[in-house]
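Order of the sequence lines sets the chain letters (A, B, ...), proteins ahead of strands, with each chain counted from 1. Please read all numbers here as calculations on a predicted model, not as lab measurements.
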Amino acid sequence: MQRKNKTENNGQIPSRDDSLPGMIETDPLEEAPRRRRTVETLLAIAVYMAFVPFMLYLSPKIPEMLISSKLPGKSLLEAPDEKRVKKYKAEISALEKRFDRFTPGNAYLVVNTTENKFSLYRNRKIVREGLCSTGSYISLEGEGDKKWIFKTPRGDFKVRGKITDPVWRKPDWAFVEEGLPIPPANHPSRYERGVLGDYALALGDGYLIHGTLYQRFLGMPVTHGCIRMNDADLKEVYETLPVGAKVFIY
Amino acid sequence: MMKTQSNQQNPKQGSTAKTIFLKVIPLVLTAWLAIYTLTMGIAVHKQVKAFQSQGNQGGDTLSWSSEEWQLLKDKTFLEARIALAGDDSIAMTIDFQDSIIRLETKGVVLREVKFGKVEISRFFKALKPLSYAALFSKPFMITEIEGSIVKEPIQVKKAPRDSTEAAQNITTVDTSRVEFVEWHLQLDSVFVVSFVQSERSFGQIDWPTLKYRLSRNYQTFAETNRDLLRFRLPAYQPEVTLFIPGKETKSFYRALPPNGKVALKF
């Protein structure tokens with residue numbers, strides 16, 4: 001609809017109210033700028049929406065695309081240098097022999113504290129696997145600065161001693177944990193029989209591999225740092241590992 | 001009259017705000033994205049060149065057959081493993097050729113796992129033989145290790161006052177909790193090796209894993225932008241991602257010490 005001529009309105013700019021009722025009014029002079037503004041708005045929204053995902057997720061992919069995929073193999077010779085091949089083979093053989101010597105030829109034990117499993121090796125082959133219990137990762141806070149963390153240490157250890165019918169000498173935390181007063185060092189209440197099973201292997205620093213009354217907890221991290229096994233597994237481990245045998249804990 | 005003037009001022013303010021939000025800021029962001037892409041390209045090119053020049057100052061003028069290349073890789077890997085055996089701590093070796101990942105200590109293999117899916121950066125395939133040997137014949141030191149699960153799941157427990165309280169406070173192990181395991185290692189602040197639990201339905205995720213991923217991405221985002229603002233080239237760290245079963249990936253994560261070592265074979 002055309003605007004009314006100015007002069008027809010006595011020099012005044014006609015208002016929208018002058019349009020006839022029911023008629024849709026569009027001004028072609030305003031349409032192009034409106035379209036441009038819409039496009040600009042949409043572009044701006046697209047940039048805002050794309051920026052953060054780009055920086056967080058797509059930008060790490062850019063370096064990959066920029067690396068040439070040309071492999072060094074494309075310039076490889078077909079015929080090898082026999083002298084060099086022979087030299088490398090000899091060196092590799094020597095290195096393999098050297099590396100091989102690190103693995104004990106006699107029996108050793110590997111304990112996984114995350115899955116609470118053990119593997120017993122003899123002559124570099126697994127002879128027995130099973131569940132065990134290792135440290136609970138509980139940090140017990142007593143009075144004052146007294147604090148104990150019950151975890152099984154990781155690393156390589158040696159069997160320092162083997163004991164049959166072991167007696168548990170209860171440390172201070174065993175009393176603190178039960179809400180009992182700590183007795184003197186050699187008090188009879190410190191000694192408890194029958195709770196460590198039939199055998200124990202000492203790893204040093206008070207850590208043992210021993211049996212347990214709580215066989216239903218095997219496979220779970222429930223101990224105070226020691227490694228607990230069921231009776232049958234413990235017997236085999238005890239009979240297989242000599243004093244000085246390696247125990248690897250991870 | 002006053003109303004007409006304020007009406008005239010408001011449209012002007014409105015159009016200034018519109019110009020800023022619809023034109024200025026998007027233009028700045030777009031320029032930033034372009035600068036980022038350009039500088040990243042330069043950084044990658046520079047890093048690749050730096051690695052190619054290692055062990056190769058005179059240029060790799062030797063020609064290699066595929067057999068020699070393979071023997072060199074085998075030798076390099078063995079040298080790195082023997083170097084690891086000299087350390088007391090638990091270490092990791094990853095053989096991408098045989099798809100085996102191992103935990104080792106003093107040369108003894110504690111755990112060995114075969115992996116299937118792996119995503120390797122093209123960077124590692126672009127290395128020349130002598131550069132490869134110079135880089136991978138020694139183990140890498142772990143400079144960062146982080147994951148979606150805690151490394152040591154320590155629970156703090158207060159000592160009970162008496163035996164009655166002790167009987168009431170028996171700690172139980174929660175075996176029903178499901179954890180999704182993802183973690184990564186940064187090696188010598190140069191490479192990144194990521195581990196993702198392989199058995200997981202698409203889209204299945206928990207809050208700690210999401211938090212870990214967001215934190216990682218945000219850290220990269222922040223470090224990159226900080227470098228750009230200081231007119232420095234952003235760091236490029238080639239990455240490898242391995243997909244291994246949850247139990248194994250959890251064991252490996254918890255076993256590795258924070259300053260442990262890793263040997264790689266591509």
**Student:** Return the CD to CZ distance between B:Gln155 and A:Phe150, rounded to the nearest 0.5 Å.
**Tutor:**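 If I round to the nearest 0.5 Å, the distance is 12.0 Å.
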
**Student:** Would you say that B:Pro26 contacts A:Leu43 through its side chain, given a criterion of any heavy-atom pair below 4.5 Å between the two side chains?
**Tutor:**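 B:Pro26 vs A:Leu43: side chains apart.
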
**Student:** So do the side chains of A:Phe102 and B:Arg81 get within less than 4.5 Å of each other, counting heavy atoms only?
**Tutor:**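 Answer no - side chains too far apart.
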
**Student:** Could you go through the side-chain contact (heavy atoms from CB on, under 4.5 Å) check for B:Glu104 and A:Phe99 one step at a time?
**Tutor:** CA-CA 12 Å; B:Glu104 296 180 3; A:Phe99 189 77; 3.7 Å; yes

**Student:** Measuring heavy-atom distances to chain B, does A:Ile249 have an atom under 4.5 Å in its side chain, in its backbone, in both, or in neither?
**Tutor:**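 For A:Ile249, the contact with chain B is made by the backbone alone.
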
**Student:** Who wins among A:Lys147, A:Glu141, A:Lys246, A:Lys146 for the most heavy-atom pairs under 4.5 Å with chain B?
**Tutor:**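 Answer, by heavy-atom pair count under 4.5 Å with chain B: A:Glu141.
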
**Student:** For A:Tyr214, does the OH atom have more than 12 heavy-atom neighbours from other residues, nucleotides or ligands under 6.0 Å away?
**Tutor:** no

**Student:** For chain A, which candidate among B:Glu79, B:Arg161, B:Lys106, B:His45 shows the most heavy-atom pairs at distances under 4.5 Å?
**Tutor:**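 Ranked by contacts with chain A, first place is B:Lys106.
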
**Student:** What part of A:Glu96 lies closer than 4.5 angstrom to a heavy atom of chain B: side chain, backbone, both or neither?
**Tutor:**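 Answer is both: backbone and side chain atoms of A:Glu96 are under 4.5 Å from chain B.
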
**Student:** Which atoms form the tightest heavy-atom contact between B:Val108 and A:Pro104, and what is the distance?
**Tutor:**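 Answer, listing the atom of B:Val108 first, then A:Pro104: CG2-CD, 3.8 Å.
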
**Student:** Starting at CZ of A:Phe248, measure out to CD1 of B:Ile90 and round the result to the nearest 0.5 Å.
**Tutor:** 10.5 Å

**Student:** Can you tell me how far the CG atom of B:Leu71 sits from the CD1 atom of A:Ile92, to the nearest 0.5 Å?
**Tutor:**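 Between atom CG of B:Leu71 and atom CD1 of A:Ile92 there are 4.5 Å.
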
**Student:** Around atom CZ of A:Arg122, are there more than 12 heavy atoms from other residues, nucleotides or ligands closer than 6.0 Å?
**Tutor:**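 No - once you tally the heavy atoms of other residues, nucleotides and ligands closer than 6.0 Å, there are 12 at most.
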
**Student:** With respect to chain B, which residue among A:Leu180, A:Ile45, A:Asp156, A:Ile149 yields the maximal number of heavy-atom pairs within a distance under 4.5 Å?
**Tutor:** A:Asp156

**Student:** How about A:Tyr250 and B:Thr105: do any of their side-chain heavy atoms sit closer than 4.5 Å?
**Tutor:** no

**Student:** Quick one: closest heavy-atom pair of B:Leu110 and A:Val110, and the distance?
**Tutor:**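 Nearest heavy atoms, B:Leu110 then A:Val110: O-CG1, 3.9 Å.
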
**Student:** If the condition is side-chain hydrogen bond (donor to acceptor under 3.5 Å, both in side chains), which residues does A:Arg124 pass it with, not counting sequence neighbours?
**Tutor:** A:Asp100

**Student:** Which atoms of B:Phe21 come close to chain A, meaning under 4.5 Å heavy atom to heavy atom: side chain ones, backbone ones, both, or neither?
**Tutor:** both

**Student:** Which of the residues A:Gly179, A:Gly155, A:Ser119 is involved in the greatest number of heavy-atom pairs with chain B at under 4.5 angstrom?
**Tutor:** A:Gly179

**Student:** Kindly compute the distance separating OH (A:Tyr88) from CD (B:Glu68), expressed to the nearest 0.5 Å.
**Tutor:** 7.5 Å

**Student:** Does any heavy atom of chain B fall under 4.5 Å from the side chain of A:Glu91, the backbone, both, or neither of them?
**Tutor:** side chain

**Student:** Examine the side chains of A:Asn112 and B:Ser251 and answer whether a donor and an acceptor come within less than 3.5 Å of each other.
**Tutor:**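 Present: a donor and an acceptor within the cut-off.
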
**Student:** Please classify the contact of A:Phe217 with chain B as side chain, backbone, both or neither, using a heavy-atom distance under 4.5 Å.
**Tutor:** neither

**Student:** Pick from B:Lys75, B:Arg254, B:Glu67, B:Lys247: which one has the most heavy-atom pairs with chain A under 4.5 Å?
**Tutor:** B:Lys75

**Student:** Of the non-hydrogen atoms in B:Ile154 and A:Ser139, which two are nearest, and what is the gap between them?
**Tutor:** CG2-CB, 3.7 Å

**Student:** If we define contacts as heavy-atom pairs under 4.5 Å, which of B:Arg111, B:Lys250, B:Arg216 has the most with chain A?
**Tutor:** B:Arg111

**Student:** Look at A:Thr103, A:Thr113, A:Leu95 and state which one has the largest set of heavy-atom pairs under 4.5 Å with chain B.
**Tutor:** A:Leu95

**Student:** Can you tell me which portion of A:Val85 sits under 4.5 Å from chain B's heavy atoms? Options are side chain, backbone, both or neither.
**Tutor:**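 Interface part for A:Val85: both.
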
